[in-house]
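First comes the structure, then the notes that go with it.
Every number for a ligand or one of its atoms is a count from 1 in the order of the listing.
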Amino acid sequence: MEDDHITSHFTRRDLSLLAQSSPKSALRVITLIDYDCFYAQCESVRLGISSDVPLGVQQWEAIIALNYPARANGLARGISVEEARVKCPNLILQHVPTWREGCASWAYRPVSTIMPGTDKAALGPYRLESRKGLELIKSTLPHSPPQKIEKASVDEMYLDLSAQVHSILLQRYPALLDVESSSKDEMLPLPRTSVLNWHADAVFGADAEDDHFDWDDIALNIGSEIVDNIRREIFKHMRYTCSAGIARNKMLAKLASGYNKPNHQTVILRRGTREFLSTHKFTKIRGLGGLLGTQISEKFNTKMVSELLAIPLSQMKEEMGLEVGAWVFNVIRGEEQSEVNPRMHVQSMLSAKTFVPKIVSIDQAAKWLRIFVADLLGRLDELGSENHRISPTIITLNHHIEGRFGPTRSKQTSVPSSTLITEKMLFNLALGLLTQIVAEEKSWPCRSISLRIAGFQSAPKSNTLISSYFMTNDQFTSLGLSKTSKEDSRKQQTVESLPRVY
Ligand code: DCP
Ligand code: CA
Ligand code: CA
């Protein structure tokens, strides 16, 4: 169409939706940043081992992370230690640290001493690195407009860069300000840019010569520049490489992050979406990996996005149901509007141990309860922030006499909110629960015990008590938490007296 060359496809309304980071914005900029071979990088950096030496991270007899040089030797996750050593004799293997029966904290130990009977894998150091990386990313981004970051797993996070991109857009293209006075539905002028530095290793849709760049392309281009900078900062300060996808929604950003690993970033432009998705099995799409994906591949007899694109919306709805059918129809076309949600999703935390051999007494169990409590308190500490501490209100002990998939007896109690949460206090509560369970019926030998804490509340640490009075309930709600009463807050102790595990 002639008009395509004169005006943009976007309106002033689209620009203001971008400024609000609205999921409805056609100009959205979302990224997913995922560390390459995360645990393996944590270990090679910690040990000062060059990144080109094959290295794997071991938990018991399984290998749970492998760096890229190890993968180049034909090793893949899940391979046994024995097989890995045969295939790659110069492989360095590091066992994850462990908690040990009777020891107060986790430690890296000689692999020959690590036994499933006495040790429990500790993932604290990886969580800690993850947390440091997140803080670093926050510090590289401006504080205003507000940052929108969702920690999606130990080694990946989604960032909604829309609002930040919007402010950079206005700085770089002041002509956009001139249209502020016009109607919201008026089309924007087209950007005059015809050449862009993508700061990326792959860009889907950038080489279509017959088309101009429009504002959605410029927005993603700015996003790519921001992400490139974040990745450089992570490498500079932590020596970790990561890969990233930059696109208009979470689904595309996630898929793009895995396109070209390690240490690469990939941008998906609107007009490159189909080309990008067509190369994928739809089971790689977020939400289509499980049962739904299996149902679809059985119904339509294919696993490829390209073949599924031929199914009309009406048929998709008929076969899959109205809502699911419409979602699938859209998602395979790269359309998806889920929010980047900075709220804390953690509802509860579990620390568990399967005993080999089974344990036979409450004294033996008590040693593990101490470890569970130390583990949980360490993780709680990470969940909190400089100014806020997170406390559980409920503690549950589960006793699985035949292991986690067998019959279970559980007891729970509330955690008093008026006293400081300490290892001793939680341990006593847990031991009390176990004592009740044991008193009821035969409990030994026992295969597995776990301890869960839940009902998290946030309370300001005492050094910030004054300012916390001015924190609104909305600010608390935005943390995904409920505010404890002022009375409780006053009873919190200073940071120094916090029970620390690390
Ligand atoms: N992890 C684990 N067990 C799994 C999957 C992952 O213990 N089944 C841990 C080890 C990984 C970390 O989580 O290092 C991150 O998982 P990823 O799936 O992101 O894998 P990697 O980061 O190791 O590799 P990649 O470079 O492919 O992202
Ligand atoms: Ca990863
Ligand atoms: Ca990951």
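In terms of polar-atom proximity, defined here as any N/O pair under 3.5 Å, Asp155 does make such a contact with ligand 1. The N/O atoms of Ala65, backbone and side chain alike, include none that comes under 3.5 Å of an N/O atom in ligand 1. Looking at ligand 1, you'll find an N or O of Cys37 within less than 3.5 Å of one of its N or O atoms. Here's the thing with Lys261: one of its N/O atoms is less than 3.5 angstrom from an N/O atom of ligand 1.
Nearest protein heavy-atom contact of atom 6 (C) of ligand 1 is Arg77 NH1, 3.4 Å. For atom 24 (O) of ligand 1, the nearest non-hydrogen atom of the protein is Arg71 NH2, 2.9 Å. Counting only heavy atoms of the protein, atom 14 (O) of ligand 1 lies nearest to Tyr39 N, 3.0 Å.
Counting the atoms of ligand 1 from 1 in the order shown, those under 4.0 Å from a heavy atom of Tyr35 are 22 (O), 28 (O). Near Phe38, the atoms of ligand 1 lying under 4.0 angstrom from a non-hydrogen atom of the residue are 14 (O), 21 (P), 22 (O), 23 (O). When each atom of ligand 1 is checked for a heavy atom of Ile64 under 4.0 Å away, the hits are 7 (O), 10 (C).
Of the candidates Val111, Ile64, Ile114, Val96, Gln58 forms a side chain to side chain contact (heavy atoms under 4.5 Å, CB included) with just one, namely Val111.
Counting heavy atoms under 4.0 Å from ligand 1, residue Tyr68 touches it through the side chain alone. The part of Asp34 lying near ligand 1 is the side chain, judged by heavy-atom distances below 4.0 Å. Contacts between Gln41 and ligand 1, counted as non-hydrogen atom pairs separated by less than 4.0 Å, are absent for every part of the residue.
Aromatic ring orientation, Trp368 versus Phe372: tilted (interplanar angle from 30° to 60°).
The Ca ion (ligand 2) lies closest to atom OD2 when only the N/O/S atoms of Asp155 are considered. With respect to the Ca ion (ligand 3), Glu156 has OE1 as its nearest N, O or S atom.
Here the closest heavy-atom approach between residue Ser243 and residue Lys261 is recorded as OG-CG, 3.4 Å. In plain terms, the two heavy atoms of Ile390 and Phe456 that are nearest each other are CG2-CB, 3.6 Å.
Residue contacts to the Ca ion (ligand 2): Asp34 brings an N, O or S atom closer than 3.0 Å. Put simply, Tyr35 gets within reach of the Ca ion (ligand 2), with an N, O or S atom under 3.0 Å from it.
Taking 4.5 Å as the limit, some side-chain heavy atom of Ile149 sits within range of a side-chain heavy atom of Leu141.
Checked for salt-bridge contact, Arg248 and Glu336 miss the test: no charged N lies under 4.0 Å from a carboxylate O. Salt-bridge check for Lys87 with Glu82: failed, with every basic side-chain N at 4.0 Å or more from each acidic carboxylate O. Checked for salt-bridge contact, Glu150 and Lys250 meet the test: a charged N lies under 4.0 Å from a carboxylate O. Arg270 and Asp217 are not joined by a salt bridge, as no carboxylate oxygen comes within less than 4.0 angstrom of a charged side-chain nitrogen.
Residues Asp34 and Ser257 bring no donor and acceptor atom of their side chains to less than 3.5 Å of each other. Judged purely by distance below 3.5 Å, without hydrogens or angles, the side chains of Tyr240 and Glu129 pair a donor atom with an acceptor atom.
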